[in-house]
K.L.:
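Quick one: the structure is below, questions incoming.
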Amino acid sequence: MLIIVGEHLSRNSLLPTLATRVDGSSSAIATTSFSLLQKLDQQLCRALGCVNRSVSDFAAWKITSVTLSPENAREGLKNASNQSVLQVEIQNRLALPVLFPNLEISLTDAEESEIKTIRFTPQEWLPSTWQESHPDFLRQGAPSGEIFSSALPISLLQNAAGYRVRIFYPEK
């Protein structure tokens with residue numbers, strides 16, 4: 001009984017720690033065990049009540065693809081504003097909802113020195129249609145396994161030669 005009460009009291013830190021990945025990188029035994037733990041947790045929550053909180057877990061996210069291309073390919077270098085579109089696709093691999101991270105794009109020059117950093121909050125990078133259909137997305141987080149695709153307009157500097165994309169949670 002003490003173990004069950006302990007699990008219930010520490011569930012918001014225990015479940016994310018034990019959660020498996022939905023991308024197939026977790027073993028079948030771990031996936032089955034976590035599924036059983038979730039069922040037990042749901043029964044305890046029905047009986048004792050729970051506060052379900054999404055977690056902020058950097059390791060839950062996988063950047064599946066990123067491309068940066070000119071907004072109008074025919075204009076190419078003739079366009080003085082150098083507008084481009086960054087297409088990024090990320091996935092919540094954790095078997096639990098995870099809070100949305102911020103995106104950071106670092107533009108680099110030919111020597112790979114950082115020349116500009118652009119940051120996007122979840123409200124800026126998540127597609128507006130998804131936000132409208134999930135009005136409480138900042139509190140509820142990203143569903144398990146969900147893949148998000150965004151096209152973000154970016155003004156490139158003339159000496160930009162490369163870029164890096166990372167996800168992060170801002171310090172509070």
Side-chain angles (χ1 to χ4, degrees), residues 12-27 30-31 34 52-172:
N12 286 325
S13 59
L14 181 66
L15 287 175
T17 302
L18 298 176
T20 55
R21 307 276 181 235
V22 296
D23 62 357
S25 62
S26 297
S27 72
T31 302
F34 184 70
N52 286 320
R53 294 186 191 119
S54 295
V55 297
S56 56
D57 186 352
F58 172 77
W61 293 99
K62 178 181 181 182
I63 299 173
T64 56
S65 72
V66 177
T67 47
L68 182 63
S69 55
E71 196 170 55
N72 187 347
R74 289 188 177 179
E75 301 242 345
L77 297 174
K78 292 186 259 178
N79 187 352
S81 67
N82 219 0
Q83 285 293 322
S84 296
V85 175
L86 178 79
Q87 294 180 313
V88 63
E89 185 177 277
I90 67 172
Q91 178 184 24
N92 170 13
R93 301 179 306 155
L94 201 61
L96 292 171
V98 177
L99 293 175
F100 286 98
N102 290 355
L103 291 178
E104 180 179 85
I105 294 84
S106 301
L107 300 176
T108 58
D109 62 14
E111 286 80 38
E112 294 199 25
S113 298
E114 188 174 304
I115 56 175
K116 184 177 181 183
T117 301
I118 306 165
R119 291 185 172 163
F120 294 97
T121 64
Q123 298 93 320
E124 295 169 322
W125 69 261
L126 273 169
S128 58
T129 53
W130 198 92
Q131 291 182 45
E132 290 166 5
S133 64
H134 300 82
D136 203 16
F137 71 94
L138 287 176
R139 191 180 67 74
Q140 291 181 345
S144 174
E146 188 92 12
I147 297 174
F148 300 91
S149 299
S150 293
L152 306 166
I154 294 178
S155 292
L156 295 179
L157 301 174
Q158 291 298 325
N159 60 337
Y163 65 95
R164 291 183 197 99
V165 177
R166 76 177 187 104
I167 58 172
F168 71 98
Y169 288 101
E171 294 179 24
K172 294 183 181 188

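These numbers come from the heavy atoms of this one structure, side chains and all, not from hydrogens, waters or symmetry mates.
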K.L.:
Within the distance-only criterion (no hydrogens, no angle test), does the side chain of Glu146 pair as donor or acceptor with the backbone N or O of Pro143 below 3.5 angstrom?
P.N.:
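Checking the backbone N and O of Pro143 against the side chain of Glu146, no donor-acceptor pair under 3.5 Å is found.
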K.L.:
Rounded to the nearest 0.5 Å, what's the gap from NZ on Lys62 to CD1 on Ile167? Could you check?
P.N.:
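One gets 12.0 Å once the value is rounded to the nearest 0.5 Å.
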K.L.:
Working to the nearest 0.5 angstrom, can you tell me the gap between Leu157 CG and Ile115 CD1?
P.N.:
4.5 Å
K.L.:
Is atom CZ of Phe58 surrounded by more than 12 heavy atoms (other residues, nucleotides or ligands) closer than 6.0 Å?
P.N.:
no
K.L.:
Would you say the side-chain atoms of Asn92 pair up with the backbone N or O of Ala142, donor to acceptor, closer than 3.5 Å?
P.N.:
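Answer holds: yes.
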K.L.:
With a 4.5 Å cut-off on side-chain heavy atoms, are Tyr163 and Leu156 touching?
P.N.:
no
K.L.:
Using only atom types and a distance under 3.5 Å, with no angle test, would you say the side chain of Ser106 pairs donor to acceptor with the backbone of Glu114?
P.N.:
no
K.L.:
If only atom types and distance count, is the side chain of Asp57 paired as donor or acceptor with the main-chain N or O of Trp61 below 3.5 Å?
P.N.:
no
K.L.:
Kindly indicate whether the side chain of Ile105, heavy atoms from C-beta on, has any atom under 4.5 Å from the side chain of Thr117.
P.N.:
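Result no, sub-4.5 Å side-chain heavy-atom pair not found.
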K.L.:
Would a 4.5 Å heavy-atom cut-off, applied to side chains only, mark Arg119 and Asn102 as touching?
P.N.:
no
K.L.:
Side chains of Ser113 and Glu111: donor-acceptor distance under 3.5 Å anywhere?
P.N.:
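Absent: no donor and acceptor within the cut-off.
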K.L.:
Minimum heavy-atom separation for Pro122 to Leu138, with atom names?
P.N.:
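Minimum heavy-atom separation between Pro122 and Leu138: CB-CD2, 4.1 Å.
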K.L.:
Evaluate the side-chain proximity of Val85 to Gln87: yes if any heavy-atom separation is below 4.5 Å, no if none is.
P.N.:
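Heavy-atom side-chain distance check passes, below 4.5 Å.
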K.L.:
Using 30° and 60° as the class limits, which term best fits the ring planes of Phe137 and Trp130: parallel, tilted or perpendicular?
P.N.:
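Ring orientation, 0 to 90° scale: perpendicular.
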K.L.:
Does any part of the side chain of Leu94, heavy atoms only, come nearer than 4.5 Å to the side chain of Val22, both counted from C-beta?
P.N.:
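No, too far: nothing below the 4.5 Å cut-off.
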K.L.:
Side chains of Ser144 and Leu96, heavy atoms from C-beta outward: is any pair under 4.5 Å?
P.N.:
no
K.L.:
Quick one, Ile147 and Glu89 - any side-chain contact, counting heavy atoms below 4.5 Å?
P.N.:
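Ile147 vs Glu89: side chains touch.
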K.L.:
What pair of heavy atoms forms the shortest contact from Ala60 to Arg21, and how long is it?
P.N.:
CA-NH1, 4.0 Å
K.L.:
Drop me the distance from Ile90's CD1 to Phe100's CZ, to the nearest 0.5 angstrom.
P.N.:
8.0 Å
K.L.:
Salt bridge between Glu112 and Arg164, side-chain N to carboxylate O under 4.0 Å?
P.N.:
yes
K.L.:
Once you round to the nearest 0.5 Å, how far does OG of Ser128 lie from CD of Gln123?
P.N.:
13.0 Å
K.L.:
Please check if the side chain of Trp125 supplies one atom and the backbone of Ser149 the other of a donor-acceptor pair under 3.5 Å.
P.N.:
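No; judged by distance alone, with no hydrogens or angles, the pair does not exist.
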K.L.:
Counting C-beta onward and ignoring hydrogens, is there a side-chain heavy-atom pair between Leu86 and Thr67 closer than 4.5 Å?
P.N.:
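Not in contact.
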K.L.:
Which heavy atom of Tyr169 sits nearest to which heavy atom of Val98, and what is that distance?
P.N.:
OH-CG1, 3.3 Å
